Amino acid sequence: MNTNPSGNGEFGQRPANTGPIVPKTASEALRPEAGTPPPKRSRASRSQVVVFMNFVISLVMLMVLAAGAALYFGKQAFTEPGPSANGDTFLVKANTGVQDIADQLERRGLISDARVFRLGVRAFGNDSALKAGEYEIKPRASMRDIMELLKSGKSVMYSLTIPEGLTVDQALQRIADEPALSGDMPATTPPEGSLATDTLRFTRGATRQQMIDKLVADQKKLVDEVWQRRAPDLPLANIEDFVTLASIVEKETGRGDERSRVAAVFLNRLAKGMRLQSDPTIIYGLFGGKGKPADRPIYQSDIQKQTPYNTYVISGLPPTPIANPGRAALEAVANPSKTDDLYFVADGTGGHVFAATLDEHNENVARYRALQKKQADDAAKAAAAPGASGNADKPTADKPVDGSDGTGGDNGDAGGDAGNAQ
(Lines give C-alpha, C1' and ligand atoms only; values in the text may rest on other atoms or scores of the structure.)
Protein backbone atom coordinates (compact mmCIF):
# COMPACT_ATOMS: atom_id res chain seq x y z
CA MET A 1 0.00 0.00 0.00
CA ASN A 2 1.39 3.36 -0.97
CA THR A 3 1.13 5.69 1.99
CA ASN A 4 2.88 8.56 0.31
CA PRO A 5 1.06 9.23 -2.91
CA SER A 6 3.06 12.37 -3.57
CA GLY A 7 6.08 10.19 -4.31
CA ASN A 8 8.56 12.50 -2.51
CA GLY A 9 10.66 9.66 -1.00
CA GLU A 10 9.42 9.96 2.54
CA PHE A 11 9.19 7.05 4.93
CA GLY A 12 7.36 4.10 3.53
CA GLN A 13 7.92 5.03 -0.09
CA ARG A 14 10.01 2.66 -2.24
CA PRO A 15 12.59 4.53 -4.29
CA ALA A 16 12.04 4.80 -7.94
CA ASN A 17 13.60 2.08 -10.08
CA THR A 18 14.99 3.38 -13.27
CA GLY A 19 15.84 -0.03 -14.77
CA PRO A 20 14.12 -3.25 -15.19
CA ILE A 21 13.90 -5.47 -12.19
CA VAL A 22 16.01 -8.57 -12.62
CA PRO A 23 14.80 -11.37 -10.41
CA LYS A 24 17.43 -13.25 -8.31
CA THR A 25 17.53 -16.83 -7.38
CA ALA A 26 17.33 -17.84 -3.76
CA SER A 27 21.08 -18.68 -3.59
CA GLU A 28 22.01 -15.36 -5.14
CA ALA A 29 19.86 -13.52 -2.71
CA LEU A 30 21.55 -15.27 0.21
CA ARG A 31 25.06 -14.64 -1.08
CA PRO A 32 26.82 -11.81 0.90
CA GLU A 33 27.56 -8.66 -0.94
CA ALA A 34 31.18 -7.48 -1.38
CA GLY A 35 32.43 -5.02 1.23
CA THR A 36 34.01 -1.65 0.68
CA PRO A 37 37.49 -2.11 -0.96
CA PRO A 38 40.58 -0.82 0.98
CA PRO A 39 42.14 2.43 -0.16
CA LYS A 40 44.93 2.14 -2.62
CA ARG A 41 48.59 2.47 -1.24
CA SER A 42 50.10 5.83 -1.86
CA ARG A 43 53.19 6.12 -3.95
CA ALA A 44 55.09 7.59 -0.94
CA SER A 45 54.52 4.44 1.10
CA ARG A 46 56.01 2.38 -1.66
CA SER A 47 59.18 4.62 -1.81
CA GLN A 48 62.59 2.95 -1.18
CA VAL A 49 63.63 5.90 0.98
CA VAL A 50 60.73 5.35 3.33
CA VAL A 51 61.50 1.65 3.54
CA PHE A 52 65.17 2.40 4.35
CA MET A 53 64.29 4.98 7.00
CA ASN A 54 61.96 2.52 8.66
CA PHE A 55 64.81 0.01 8.76
CA VAL A 56 67.23 2.57 10.17
CA ILE A 57 64.82 3.61 12.90
CA SER A 58 64.25 0.00 13.85
CA LEU A 59 67.98 -0.65 13.91
CA VAL A 60 68.63 2.41 16.06
CA MET A 61 65.97 1.34 18.50
CA LEU A 62 67.53 -2.11 18.73
CA MET A 63 70.96 -0.55 19.27
CA VAL A 64 69.63 1.72 22.00
CA LEU A 65 68.06 -1.22 23.73
CA ALA A 66 71.27 -3.24 23.39
CA ALA A 67 73.36 -0.32 24.69
CA GLY A 68 71.02 0.13 27.61
CA ALA A 69 71.28 -3.54 28.46
CA ALA A 70 75.07 -3.46 28.09
CA LEU A 71 75.26 -0.35 30.27
CA TYR A 72 73.12 -1.93 32.94
CA PHE A 73 74.99 -5.21 33.07
CA GLY A 74 78.36 -3.45 32.70
CA LYS A 75 77.55 -1.23 35.67
CA GLN A 76 76.54 -4.26 37.65
CA ALA A 77 79.83 -5.98 36.80
CA PHE A 78 81.82 -2.81 37.60
CA THR A 79 80.36 -2.41 41.08
CA GLU A 80 79.79 -6.01 42.18
CA PRO A 81 82.34 -7.77 44.50
CA GLY A 82 85.48 -8.91 42.70
CA PRO A 83 86.80 -12.43 42.19
CA SER A 84 89.79 -12.27 44.56
CA ALA A 85 89.00 -13.96 47.86
CA ASN A 86 92.29 -13.03 49.54
CA GLY A 87 93.24 -9.71 47.97
CA ASP A 88 96.81 -8.87 47.02
CA THR A 89 99.25 -6.04 46.40
CA PHE A 90 99.32 -4.53 42.94
CA LEU A 91 102.11 -2.40 41.49
CA VAL A 92 101.37 0.32 38.95
CA LYS A 93 104.54 1.51 37.31
CA ALA A 94 104.94 5.07 36.10
CA ASN A 95 103.47 5.87 32.67
CA THR A 96 101.33 2.71 32.58
CA GLY A 97 98.09 3.12 30.59
CA VAL A 98 94.60 2.02 31.61
CA GLN A 99 94.59 -0.86 29.14
CA ASP A 100 97.81 -2.34 30.53
CA ILE A 101 96.57 -1.86 34.09
CA ALA A 102 93.29 -3.59 33.26
CA ASP A 103 95.06 -6.51 31.57
CA GLN A 104 97.40 -6.99 34.54
CA LEU A 105 94.53 -6.87 37.01
CA GLU A 106 92.66 -9.54 35.05
CA ARG A 107 95.75 -11.79 34.79
CA ARG A 108 96.25 -11.49 38.54
CA GLY A 109 92.63 -12.51 39.17
CA LEU A 110 91.78 -9.20 40.84
CA ILE A 111 89.05 -8.30 38.33
CA SER A 112 86.81 -10.48 36.15
CA ASP A 113 86.90 -8.53 32.88
CA ALA A 114 89.63 -6.13 31.71
CA ARG A 115 87.35 -4.58 29.09
CA VAL A 116 84.67 -3.70 31.64
CA PHE A 117 87.29 -2.16 33.92
CA ARG A 118 88.77 -0.13 31.08
CA LEU A 119 85.38 1.14 29.89
CA GLY A 120 84.29 1.87 33.47
CA VAL A 121 87.38 3.93 34.19
CA ARG A 122 86.85 5.93 31.01
CA ALA A 123 83.15 6.36 31.72
CA PHE A 124 84.01 7.98 35.05
CA GLY A 125 86.55 10.26 33.35
CA ASN A 126 89.52 8.72 35.15
CA ASP A 127 91.44 7.60 32.08
CA SER A 128 94.48 9.67 33.07
CA ALA A 129 93.84 9.88 36.82
CA LEU A 130 95.28 6.51 37.94
CA LYS A 131 98.55 7.02 39.81
CA ALA A 132 101.73 4.97 39.96
CA GLY A 133 102.43 3.11 43.18
CA GLU A 134 101.91 -0.16 45.03
CA TYR A 135 98.39 -0.74 46.30
CA GLU A 136 96.80 -3.11 48.79
CA ILE A 137 93.76 -4.63 47.04
CA LYS A 138 91.27 -5.84 49.62
CA PRO A 139 89.48 -9.18 49.26
CA ARG A 140 86.43 -9.03 46.98
CA ALA A 141 87.23 -5.45 45.98
CA SER A 142 85.01 -4.33 43.09
CA MET A 143 86.38 -2.77 39.93
CA ARG A 144 85.10 0.58 41.12
CA ASP A 145 86.83 0.13 44.48
CA ILE A 146 90.08 -0.63 42.67
CA MET A 147 89.64 2.37 40.39
CA GLU A 148 89.10 4.69 43.36
CA LEU A 149 92.13 3.23 45.16
CA LEU A 150 94.40 3.70 42.16
CA LYS A 151 93.02 7.18 41.69
CA SER A 152 93.72 8.11 45.33
CA GLY A 153 97.43 7.34 45.13
CA LYS A 154 97.37 5.79 48.62
CA SER A 155 100.23 3.39 48.05
CA VAL A 156 101.56 0.74 50.42
CA MET A 157 104.20 2.39 52.61
CA TYR A 158 107.45 0.74 53.70
CA SER A 159 109.75 1.73 56.56
CA LEU A 160 113.52 1.99 56.69
CA THR A 161 115.02 2.65 60.12
CA ILE A 162 118.55 3.98 60.67
CA PRO A 163 119.13 3.79 64.45
CA GLU A 164 121.32 6.18 66.37
CA GLY A 165 124.95 5.11 66.58
CA LEU A 166 125.24 3.19 63.32
CA THR A 167 128.22 4.04 61.18
CA VAL A 168 127.70 5.19 57.61
CA ASP A 169 128.84 1.78 56.33
CA GLN A 170 126.33 0.01 58.55
CA ALA A 171 123.52 2.37 57.51
CA LEU A 172 124.33 1.93 53.83
CA GLN A 173 124.21 -1.83 54.27
CA ARG A 174 120.65 -1.56 55.56
CA ILE A 175 119.71 0.54 52.56
CA ALA A 176 121.36 -1.93 50.16
CA ASP A 177 119.51 -4.86 51.77
CA GLU A 178 116.05 -3.26 51.57
CA PRO A 179 114.21 -5.20 48.82
CA ALA A 180 111.48 -2.57 48.30
CA LEU A 181 114.06 -0.02 47.14
CA SER A 182 115.39 0.12 43.61
CA GLY A 183 118.57 1.31 41.94
CA ASP A 184 122.25 0.89 42.70
CA MET A 185 124.17 2.14 45.70
CA PRO A 186 126.22 5.28 45.12
CA ALA A 187 129.82 4.90 44.04
CA THR A 188 130.92 7.45 46.68
CA THR A 189 130.32 6.84 50.39
CA PRO A 190 129.03 9.86 52.34
CA PRO A 191 131.28 11.15 55.15
CA GLU A 192 131.03 9.50 58.54
CA GLY A 193 128.38 11.06 60.74
CA SER A 194 126.54 12.68 57.81
CA LEU A 195 123.40 10.49 57.81
CA ALA A 196 120.31 11.24 59.83
CA THR A 197 119.14 8.64 62.32
CA ASP A 198 115.51 8.32 61.43
CA THR A 199 112.72 6.11 60.11
CA LEU A 200 111.94 6.85 56.48
CA ARG A 201 108.60 6.00 54.89
CA PHE A 202 108.60 5.25 51.18
CA THR A 203 106.73 3.45 48.42
CA ARG A 204 108.06 0.52 46.44
CA GLY A 205 110.29 1.65 43.63
CA ALA A 206 111.88 4.57 45.49
CA THR A 207 115.60 4.55 44.76
CA ARG A 208 118.42 3.92 47.18
CA GLN A 209 120.04 7.16 46.08
CA GLN A 210 116.88 9.06 47.05
CA MET A 211 117.02 7.55 50.55
CA ILE A 212 120.66 8.48 50.98
CA ASP A 213 120.15 12.01 49.67
CA LYS A 214 117.28 12.55 52.10
CA LEU A 215 119.27 11.22 55.08
CA VAL A 216 122.20 13.49 54.22
CA ALA A 217 119.95 16.53 53.77
CA ASP A 218 118.03 15.85 57.00
CA GLN A 219 121.23 15.42 59.02
CA LYS A 220 122.72 18.64 57.71
CA LYS A 221 119.55 20.53 58.55
CA LEU A 222 119.45 19.02 62.06
CA VAL A 223 123.12 19.68 62.80
CA ASP A 224 122.88 23.30 61.63
CA GLU A 225 119.75 23.83 63.70
CA VAL A 226 121.20 22.44 66.94
CA TRP A 227 124.58 24.13 66.42
CA GLN A 228 122.84 27.50 66.22
CA ARG A 229 121.34 26.91 69.68
CA ARG A 230 124.56 25.80 71.38
CA ALA A 231 125.71 27.09 74.73
CA PRO A 232 128.37 29.80 74.64
CA ASP A 233 132.07 29.05 75.21
CA LEU A 234 132.02 25.37 74.22
CA PRO A 235 135.61 24.16 73.72
CA LEU A 236 134.84 23.16 70.13
CA ALA A 237 136.54 24.78 67.16
CA ASN A 238 133.82 24.27 64.58
CA ILE A 239 130.68 22.39 63.61
CA GLU A 240 132.72 19.38 62.43
CA ASP A 241 134.19 18.95 65.93
CA PHE A 242 130.67 19.29 67.32
CA VAL A 243 129.41 16.33 65.27
CA THR A 244 132.51 14.29 66.12
CA LEU A 245 132.04 14.69 69.86
CA ALA A 246 128.31 14.00 69.54
CA SER A 247 129.13 10.71 67.81
CA ILE A 248 131.36 9.70 70.75
CA VAL A 249 128.61 10.57 73.24
CA GLU A 250 126.18 8.54 71.12
CA LYS A 251 128.39 5.46 71.34
CA GLU A 252 129.19 5.85 75.04
CA THR A 253 125.63 5.67 76.33
CA GLY A 254 122.13 4.88 75.17
CA ARG A 255 120.59 6.35 78.32
CA GLY A 256 118.73 9.55 77.58
CA ASP A 257 118.96 10.69 81.20
CA GLU A 258 122.75 10.73 81.23
CA ARG A 259 123.74 11.88 77.73
CA SER A 260 124.18 15.52 78.73
CA ARG A 261 126.32 14.49 81.71
CA VAL A 262 128.52 12.23 79.55
CA ALA A 263 128.89 15.16 77.14
CA ALA A 264 129.89 17.39 80.03
CA VAL A 265 132.68 14.96 81.04
CA PHE A 266 134.23 15.05 77.57
CA LEU A 267 133.86 18.82 77.23
CA ASN A 268 135.42 19.33 80.65
CA ARG A 269 138.36 17.13 79.66
CA LEU A 270 138.79 19.00 76.37
CA ALA A 271 138.78 22.30 78.25
CA LYS A 272 141.52 21.00 80.57
CA GLY A 273 143.61 19.48 77.77
CA MET A 274 143.02 15.92 79.03
CA ARG A 275 142.73 13.00 76.67
CA LEU A 276 139.18 11.83 76.14
CA GLN A 277 140.05 8.13 76.60
CA SER A 278 136.77 6.85 75.16
CA ASP A 279 136.52 3.13 74.49
CA PRO A 280 134.40 3.43 71.29
CA THR A 281 137.24 5.35 69.66
CA ILE A 282 139.49 2.31 70.19
CA ILE A 283 136.99 0.16 68.31
CA TYR A 284 136.57 2.58 65.42
CA GLY A 285 140.31 2.94 65.07
CA LEU A 286 140.69 -0.86 64.84
CA PHE A 287 137.69 -1.81 62.73
CA GLY A 288 136.47 1.37 61.04
CA GLY A 289 132.90 1.72 59.87
CA LYS A 290 132.34 -2.04 59.61
CA GLY A 291 132.23 -2.27 63.40
CA LYS A 292 133.70 -4.72 65.89
CA PRO A 293 132.78 -8.38 65.41
CA ALA A 294 130.42 -9.51 68.14
CA ASP A 295 132.83 -12.21 69.36
CA ARG A 296 135.88 -9.94 69.47
CA PRO A 297 136.60 -8.34 72.89
CA ILE A 298 138.84 -5.35 73.45
CA TYR A 299 142.23 -6.50 74.67
CA GLN A 300 144.62 -4.67 76.96
CA SER A 301 147.00 -4.24 74.07
CA ASP A 302 144.25 -2.53 72.00
CA ILE A 303 144.18 0.41 74.40
CA GLN A 304 147.63 1.51 73.29
CA LYS A 305 147.21 0.76 69.59
CA GLN A 306 148.40 3.70 67.54
CA THR A 307 145.45 4.70 65.40
CA PRO A 308 144.24 8.21 64.46
CA TYR A 309 141.02 7.55 66.38
CA ASN A 310 142.29 6.06 69.64
CA THR A 311 141.68 8.82 72.16
CA TYR A 312 143.80 6.92 74.68
CA VAL A 313 146.88 7.83 72.63
CA ILE A 314 145.86 11.00 70.77
CA SER A 315 145.02 14.38 72.23
CA GLY A 316 141.79 16.12 71.39
CA LEU A 317 139.17 14.75 69.06
CA PRO A 318 139.50 12.07 66.36
CA PRO A 319 139.76 13.30 62.75
CA THR A 320 136.12 12.38 61.94
CA PRO A 321 132.99 11.22 63.72
CA ILE A 322 132.86 7.55 64.64
CA ALA A 323 129.11 7.09 64.00
CA ASN A 324 125.94 8.93 63.05
CA PRO A 325 124.75 10.86 66.12
CA GLY A 326 121.05 11.36 66.73
CA ARG A 327 119.28 14.49 67.87
CA ALA A 328 119.58 13.65 71.59
CA ALA A 329 123.37 13.28 71.42
CA LEU A 330 123.71 16.49 69.40
CA GLU A 331 121.53 18.36 71.87
CA ALA A 332 123.55 16.97 74.79
CA VAL A 333 126.83 18.28 73.36
CA ALA A 334 125.33 21.63 72.36
CA ASN A 335 123.88 22.17 75.84
CA PRO A 336 125.69 19.89 78.33
CA SER A 337 125.08 19.53 82.04
CA LYS A 338 126.85 22.01 84.29
CA THR A 339 129.13 19.71 86.27
CA ASP A 340 132.78 19.32 87.24
CA ASP A 341 132.80 15.62 86.33
CA LEU A 342 135.89 14.29 84.57
CA TYR A 343 135.28 10.51 84.84
CA PHE A 344 132.55 7.92 84.56
CA VAL A 345 132.43 4.16 84.79
CA ALA A 346 129.75 1.53 84.24
CA ASP A 347 127.57 0.78 87.25
CA GLY A 348 126.71 -2.76 86.16
CA THR A 349 123.05 -1.97 85.47
CA GLY A 350 123.36 -0.31 82.07
CA GLY A 351 124.15 3.16 83.37
CA HIS A 352 127.22 4.97 84.66
CA VAL A 353 128.47 6.62 87.84
CA PHE A 354 130.32 9.92 87.57
CA ALA A 355 133.17 11.48 89.47
CA ALA A 356 134.93 14.83 89.57
CA THR A 357 138.20 13.51 91.05
CA LEU A 358 140.46 10.56 90.33
CA ASP A 359 140.06 9.24 93.87
CA GLU A 360 136.28 9.13 93.54
CA HIS A 361 136.63 7.50 90.18
CA ASN A 362 138.95 4.80 91.52
CA GLU A 363 136.41 3.99 94.22
CA ASN A 364 133.69 3.70 91.60
CA VAL A 365 135.93 1.46 89.50
CA ALA A 366 136.65 -0.74 92.53
CA ARG A 367 132.92 -1.20 93.15
CA TYR A 368 132.38 -2.04 89.52
CA ARG A 369 135.20 -4.61 89.57
CA ALA A 370 133.78 -6.19 92.73
CA LEU A 371 130.40 -6.48 91.03
CA GLN A 372 132.03 -8.06 87.98
CA LYS A 373 133.90 -10.53 90.19
CA LYS A 374 130.72 -11.52 91.99
CA GLN A 375 128.94 -12.05 88.67
CA ALA A 376 131.86 -14.14 87.41
CA ASP A 377 131.89 -16.25 90.61
CA ASP A 378 128.15 -16.83 90.35
CA ALA A 379 128.54 -17.88 86.74
CA ALA A 380 131.39 -20.25 87.66
CA LYS A 381 129.29 -21.87 90.40
CA ALA A 382 126.42 -22.31 87.96
CA ALA A 383 128.77 -23.88 85.43
CA ALA A 384 130.19 -26.26 88.09
CA ALA A 385 126.77 -27.40 89.21
CA PRO A 386 125.82 -31.03 88.42
CA GLY A 387 124.65 -31.34 84.85
CA ALA A 388 126.28 -28.09 83.69
CA SER A 389 128.68 -28.24 80.76
CA GLY A 390 131.70 -26.21 81.72
CA ASN A 391 133.86 -25.50 78.71
CA ALA A 392 135.56 -22.35 79.90
CA ASP A 393 137.81 -20.65 77.38
CA LYS A 394 141.49 -20.76 78.19
CA PRO A 395 142.90 -17.40 79.21
CA THR A 396 145.18 -15.67 76.76
CA ALA A 397 148.33 -13.77 77.46
CA ASP A 398 146.60 -10.65 76.17
CA LYS A 399 143.58 -10.56 78.49
CA PRO A 400 140.30 -8.98 77.48
CA VAL A 401 139.72 -5.71 79.27
CA ASP A 402 137.08 -6.04 81.98
CA GLY A 403 136.96 -2.42 83.10
CA SER A 404 139.52 0.30 83.62
CA ASP A 405 141.21 0.81 86.90
CA GLY A 406 141.22 4.55 86.38
CA THR A 407 144.97 4.91 86.67
CA GLY A 408 146.04 4.63 83.07
CA GLY A 409 146.78 7.52 80.73
CA ASP A 410 147.44 10.99 82.02
CA ASN A 411 144.86 11.39 84.76
CA GLY A 412 142.73 8.27 84.51
CA ASP A 413 140.37 7.43 81.65
CA ALA A 414 137.00 9.05 81.16
CA GLY A 415 134.89 6.02 80.29
CA GLY A 416 136.44 3.47 82.61
CA ASP A 417 134.57 0.57 81.01
CA ALA A 418 136.77 -0.53 78.16
CA GLY A 419 135.70 -3.89 76.88
CA ASN A 420 132.04 -3.12 77.38
CA ALA A 421 131.69 -0.48 74.68
CA GLN A 422 129.91 -1.66 71.57
Side-chain angles (χ1 to χ4, degrees), residues 162-168 171 190-198 215-285 289 308-312 314-346 351-356 413-417 421-422:
I162 307 299
E164 293 87 346
L166 288 190
T167 66
V168 165
E192 189 65 81
S194 65
L195 300 183
T197 59
D198 197 4
L215 290 171
V216 170
D218 288 353
Q219 183 73 340
K220 184 180 186 307
K221 180 181 178 182
L222 173 62
V223 169
D224 290 342
E225 172 192 323
V226 177
W227 176 249
Q228 293 301 318
R229 301 197 311 267
R230 68 188 183 279
D233 302 325
L234 292 179
L236 299 171
N238 48 50
I239 196 170
E240 289 78 17
D241 286 354
F242 166 60
V243 177
T244 297
L245 183 55
S247 72
I248 295 175
V249 172
E250 187 69 75
K251 297 297 289 184
E252 280 284 3
T253 180
R255 293 268 300 261
D257 60 342
E258 62 180 30
R259 279 196 186 97
S260 62
R261 197 166 180 182
V262 169
V265 169
F266 289 125
L267 288 166
N268 290 342
R269 290 176 78 93
L270 284 174
K272 291 179 176 294
M274 299 170 64
R275 291 177 180 170
L276 297 185
Q277 297 183 318
S278 168
D279 299 335
T281 64
I282 300 174
I283 296 170
Y284 195 88
Y309 289 87
N310 187 355
T311 53
Y312 280 82
I314 67 168
S315 298
L317 291 163
T320 71
I322 62 172
N324 295 302
R327 175 184 285 273
L330 291 165
E331 295 278 10
V333 174
N335 293 278
S337 298
K338 302 297 184 183
T339 73
D340 296 325
D341 295 333
L342 295 171
Y343 312 91
F344 60 89
V345 68
H352 295 83
V353 286
F354 298 82
D413 61 355
D417 54 350
Q422 300 301 314

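Quick note: numbers below take in every heavy atom, side chains included, and nothing from hydrogens, waters or symmetry partners. Not measured: the values here are computed from a predicted model.
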[X] and [Y]: which non-hydrogen atoms are nearest, and at how many Å?
{"X": "Thr311", "Y": "Arg275", "answer": "O-CB, 3.5 Å"}
{"X": "Gly165", "Y": "Ala323", "answer": "O-CB, 3.4 Å"}
{"X": "Leu234", "Y": "Ala231", "answer": "CG-O, 3.4 Å"}
{"X": "Asp218", "Y": "Ala196", "answer": "CB-CB, 3.8 Å"}
{"X": "Gln219", "Y": "Thr197", "answer": "OE1-N, 4.4 Å"}
{"X": "Ser247", "Y": "Thr244", "answer": "OG-O, 2.6 Å"}

Side chains of [X] and [Y]: does their closest heavy-atom pair fall under 4.5 Å?
{"X": "Val249", "Y": "Pro325", "result": "no"}
{"X": "Leu276", "Y": "Ile248", "result": "yes"}
{"X": "Val265", "Y": "Thr339", "result": "no"}
{"X": "Thr281", "Y": "Ile314", "result": "no"}
{"X": "Asn324", "Y": "Leu215", "result": "no"}
{"X": "Tyr284", "Y": "Pro318", "result": "no"}
{"X": "Ser260", "Y": "Asn335", "result": "no"}

How far does [atom1] of [X] sit from [atom2] of [Y], to the nearest 0.5 angstrom?
{"X": "Ile162", "Y": "Leu195", "atom1": "CD1", "atom2": "CG", "value": "7.5 Å"}
{"X": "Phe242", "Y": "Leu317", "atom1": "CZ", "atom2": "CG", "value": "12.0 Å"}
{"X": "Ile283", "Y": "Thr167", "atom1": "CD1", "atom2": "OG1", "value": "12.0 Å"}
{"X": "Leu342", "Y": "Met274", "atom1": "CG", "atom2": "CE", "value": "5.0 Å"}
{"X": "Lys251", "Y": "Ser278", "atom1": "NZ", "atom2": "OG", "value": "10.0 Å"}
{"X": "Leu236", "Y": "Leu267", "atom1": "CG", "atom2": "CG", "value": "5.5 Å"}

One pair to check against side-chain contact (heavy atoms from CB on, under 4.5 Å): Ile322 and Tyr309. What are the steps and the verdict? CA-CA 8 Å; Ile322 62 172; Tyr309 289 87; 4.0 Å; yes

Take Val226 and Val333 through the side-chain contact (heavy atoms from CB on, under 4.5 Å) test and state the conclusion after the steps. CA-CA 9 Å; Val226 177; Val333 174; over 6 Å; no

Inter- and intrachain pairs under salt bridge (charged side-chain N to carboxylate O under 4.0 Å, His left out), touching residues 255-265, at least two apart: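 As it turns out, the salt bridge (charged side-chain N to carboxylate O under 4.0 Å, His left out) pairs with a partner in residues 255-265, which skip direct neighbours, are Glu250-Arg259, Arg255-Asp257, Arg261-Asp341.
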
Side-chain (Glu240) to main-chain (Thr320) donor-acceptor, under 3.5 angstrom: no

SB check Glu164 Arg327 (cutoff 4.0 Å): no

Angle between ring planes, Phe344 versus Phe354, binned at 30° and 60°: parallel, tilted or perpendicular?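 If you compare the ring of Phe344 with that of Phe354, the planes turn out tilted.
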
